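These notes are about the structure you will find just below.
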Amino acid sequence: MRWSQTFIPTLREAPADAEVASHIFLLRAGYIRQLSAGIYSYLFLGQRALLKIIAIVREEMDAIGQEFLLPALHPAELWQSSGRWQGMGDNMFRLKDRYQRDFCLGMTHEEVMADIARKELRSYKQLPQIWYQIQNKFRDEPRPKSGLLRVRQFTMKDSYSFDIDEAGLDLSYKKHHAAYCRIFERCGLNYVVVEAHSGAMGGSQSHEFMVQSDAGEDLVAVCRACGYAANLEKASAAVPPASDPEAGQEPALFATPGQRTIAEVTAFTGEDANRLIKSLLYMVDEEGKQVPVLFLLTGTHELNEAKMGAALGGHAARPAQAGEIEKYTGAPAGSVGPVGLSGVRLVADLALRGRRSLIAGANREGHHLRHVTPERDFQTEWADLRTVCDGDLCPQCQAPLKVIKTVEIGHIFKLGRKYTESMQVRVLDANGREIVPIMGSYGIGIERILTALIEQNHDEAGFWMPPVVAPFDVVVTPVNLKDPAIMAVAHDVYATLRRAGKDVLLDDRDERPGVKFKDAELIGIPVRVTVGKKAGEGIVEVVQRSTREVQEVPVAALLDAVALASGAARLQESTR
RNA sequence: CGGGGCGUAGCGCAGCCUGGUAGCGCACCUGCCUUGGGCGCAGGGGGUCGCCGGUUCAAAUCCGGCCGCCCCGACCA
């Protein structure tokens, strides 16, 4: 392909809106343009890269499943039958047809797949099935951000498995796990697989595939010693032991006028936040009745709402309002504590177990208590409630955990029978009895692979990608169009590479060399062949973008040198 | 939804406080020149100043309302 004939609108300066590297470079390299918040057009280079990623995904998915293509437009009844028409809330794009019937744009496709299953599957002999598609998803995100990282329309590879029993689901799950690893490896991503919280999808087990990046939105705890890795929504850990004074003294009231937050009380008393008890009142919905529950943590820890939900056996909870806090504790928020409360259920985080002589709210405005010792001064239930912190101890091997920021590129779920049951999918088993198949669902964010690659592989001038996903394998840069010797060699190089099956971009624009070099370095192509001064002697330069390593080679040895530079680029990706 | 910021040519910005001429750099077009790191010279094209309303002889500028975009938070399969 000749650069002069293509539309690659590179930008010298980044639009002021872009802050994260992948966003800046996708815009500057002419891969994408924004249409609206969280809605992007993919231009020539962007679409080319995405198609290459999709080709890899398709190849690996074809090895374990069958490709479908489902509608993006769904009737409301479908989602009502699974109960998610309400459940998805404002995140769902909704619209009406000309007869005022409700429709939505698909944000995921469990319902459509389950609908096909319930209409078509009759016998256990038809199972297992793995069905997948590569399709657009629509989600009205409250806050789209960071270029392609969090958007309202995106491409997802989503697949769904139907099995007779748990053992079958386990196998389908493992197949996906392995296929995902192959996909991300081939894309040259450095990723980790982490235990994940199943969230609104429901289900028993799930793993996320994560790429470390400061642009990411998910926090993940990883253990360098044993390999344990889990999303912070899910991670558990032991806390390094704290040193408390002896628990001799009785709780003692003291005035803390106007001191409400942990930070204020810490500053006021001179005690470490670790020696404070944080008390959070929630209202829990138990069979329609609102029941107050006080959650207790140390001042340094954050309540993890997913774990809180688990501690409550799945009952919905919300933070208590000011009036409710006064009603149940007799004090405003900021002076609430566990001692002497009645009619309120207490649940304390395990990190408070065995602690002594702490500071807690006194349930009296502007007052706290010193020398509060759990289980002596108040009785409580215990649960793992807190969000794991950097430095907490690995639950498997007790080594310190590291908390890192990541981008989620894939997620696999064991769904169980949530959808097959609510949507009444049934087949006959070998004994002629009706059984409800068990389901899994599995997703890969296609654009996020591209984004994560750029986050992982960029410098100040631009980015680079492995040849398998880069829009072109090689860019050929003749430094002077007016020099016949240079142009003859450039065309020769171009033809040679093409014959070898490479995707080649020939920069035949009548620009100065500096412009061409800058552009070549910007747009993500892993190898550049510069045709310049020594063209007359039949010598060109092969430049590896990731390292900027330059190698002078005779045209005769071109293919080996390019292969080496490409391969080296790939090697570098996978060993990081 | 709460907090903050921004909206003037394709991109980056100035002008607004103190009302009257819409400007700079890059990009773009033409010609010349140059050709190993965003070259030089000359000439040129392009903007309903986000939208609506108000004040005023006069509004990019002052006032009111609305819309859009970005960031932080909340939220989030």
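Values below: all heavy atoms of this structure, side chains included; hydrogens, waters and symmetry mates excluded. Residue numbers start from 1 in every chain, and the chains themselves are labelled A, B, ... in the order their sequence lines are given, proteins ahead of strands. Worth saying up front: this structure is predicted, and the values here are computed from it rather than measured.
- When the P atom is used for both B:A60 and B:G20, the distance is 9 Å, rounded to whole Å.
- If you take CZ of A:Phe517 and C1' of B:U35, they are 10 Å apart, rounded to a whole angstrom.
- Nucleotide B:C33 forms no Watson-Crick or G-U wobble pair with any nucleotide shown, as no partner meets the under 3.5 Å limit on both distances.
- Atom CZ of A:Arg548 has more than 12 heavy atoms from other residues, nucleotides or ligands within 6.0 Å.
- Nearest to the side-chain atoms of A:Pro15 among the listed nucleotides B:C11, B:C28, B:C75 stands B:C11.
- Put simply, CZ on A:Arg528 is 13 Å from P on B:G36, counting in whole angstrom units.
- Among B:C11, B:C28, B:C76, the nucleotide with an atom closest to any side-chain atom of A:Leu11 is B:C11.
- With rounding to whole Å, A:Arg150 atom CZ is found 16 Å from B:C70 atom C1'.
- Using a 4.0 Å heavy-atom cutoff across all strands shown, A:Thr477 reaches no nucleic acid atom at all.
- The side chain of A:Thr530 approaches B:G36 more closely than any other nucleotide in the set B:G38, B:G36, B:C11.
- If you measure from atom CG of A:Leu27 to atom P of B:G10, you get 16 Å, rounded to the nearest angstrom.
- Using a 4.0 Å heavy-atom distance criterion, A:Phe154 is classed as a base contact.
- Under the 4.0 Å criterion applied to side-chain N and carboxylate O atoms, A:Asp349 and A:Lys278 are not assigned as salt-bridge partners.
- Of all nucleotides present, only B:C26 satisfies the Watson-Crick or G-U wobble test against B:G10, with each distance under 3.5 Å.
- Between B:U18 and B:C62, the distance separating the two C1' atoms is 11 Å to the nearest Å.
- Between A:Asp140 and A:Arg94 there is no salt bridge, since none of the side-chain N atoms of the basic residue sits less than 4.0 Å from a carboxylate O of the acidic one.
- For B:C26, neither phosphate oxygen OP1 nor OP2 lies less than 4.0 angstrom from any side-chain nitrogen or oxygen of A:Arg12.
- Minimum atom distance to the side chain of A:Lys145 is reached by B:C71, of the listed B:C71, B:C70, B:G38.
- No engagement by A:Asp483 is indicated, since no non-hydrogen atom pair under 4.0 Å with the nucleic acid exists.
- B:A9 and B:G19: their C1' atoms are spaced 24 Å apart (whole Å).
- Remark: A:Gln34 is not in phosphate contact with B:G68, judged by side-chain N or O atoms under 4.0 Å from OP1 or OP2.
- When the P atom is used for both B:A22 and B:G45, the distance is 15 Å, rounded to whole Å.
- Judged by distance alone, with hydrogens and angles left aside, the side-chain atoms of A:Lys307 form a donor-acceptor pair with the main-chain N or O of A:Arg386 at under 3.5 Å.
- Of the candidate nucleotides B:C39, B:G38, B:G36, B:C39 has the atom lying nearest to any side-chain atom of A:Arg512.
- Across all strands, A:Ala18 comes closer than 4.0 Å to no nucleic acid atom at all (heavy-atom distances).
- Between A:Glu19 atom CD and B:G12 atom P the separation is 13 Å, expressed in whole Å.
- The distance from atom CG of A:Asn480 to atom P of B:U34 is 11 Å, rounded to the nearest whole Å.
- Comparing the C1' positions of B:G65 and B:U55 gives a spacing of 15 Å, expressed to the nearest Å.
- Between the P atoms of B:C51 and B:C67, the separation comes to 15 Å (whole Å).
- Here the nucleotide nearest the side chain of A:Lys533, chosen from B:A74, B:C71, B:G36, is B:G36.
- B:U8 and B:G15: their P atoms are spaced 14 Å apart (whole Å).
- Base-pair partner of B:A60: not found among the strands shown (Watson-Crick or G-U wobble, both distances under 3.5 Å).
- Taking atom NZ on A:Lys516 and atom P on B:G36, their separation rounds to 11 Å, with Å as the unit.
- Salt bridge A:Asp170/A:Lys414: present, at least one basic N to carboxylate O contact under 4.0 Å.
- Between A:Phe68 and A:Trp131, the ring center distance clears the sub-6.0 Å criterion.
- The side chain of A:Arg143 has B:C72 as its nearest neighbour among B:G12, B:C72, B:G38.
- Between A:His197 and A:Phe413, a ring centre-to-centre spacing not shorter than 6.0 Å is recorded.
- Using a 4.0 Å cut-off between charged side-chain N and carboxylate O, A:Glu208 and A:Lys234 make no salt bridge.
- Nucleotides B:U48 and B:G3 are separated by 33 Å at their C1' atoms, to the nearest Å.
- In this structure B:C69 sits in a base pair with B:G5, meeting the Watson-Crick or G-U test at under 3.5 Å.
- Nucleotide B:A74 forms no Watson-Crick or G-U wobble pair with any nucleotide shown, as no partner meets the under 3.5 Å limit on both distances.
- Projected onto RNA chain B by closest heavy-atom contact, A:Glu521 and A:Ser36 fall at different nucleotides, the more 5' of which corresponds to A:Glu521.
- Heavy-atom nearest nucleotides on RNA chain B were determined for A:Leu481 and for A:Gly443, and the one closer to the 5' end corresponds to A:Leu481.
- In this structure, the CG atom of A:Leu219 is 14 Å from the C1' atom of B:G73, given to the nearest Å.
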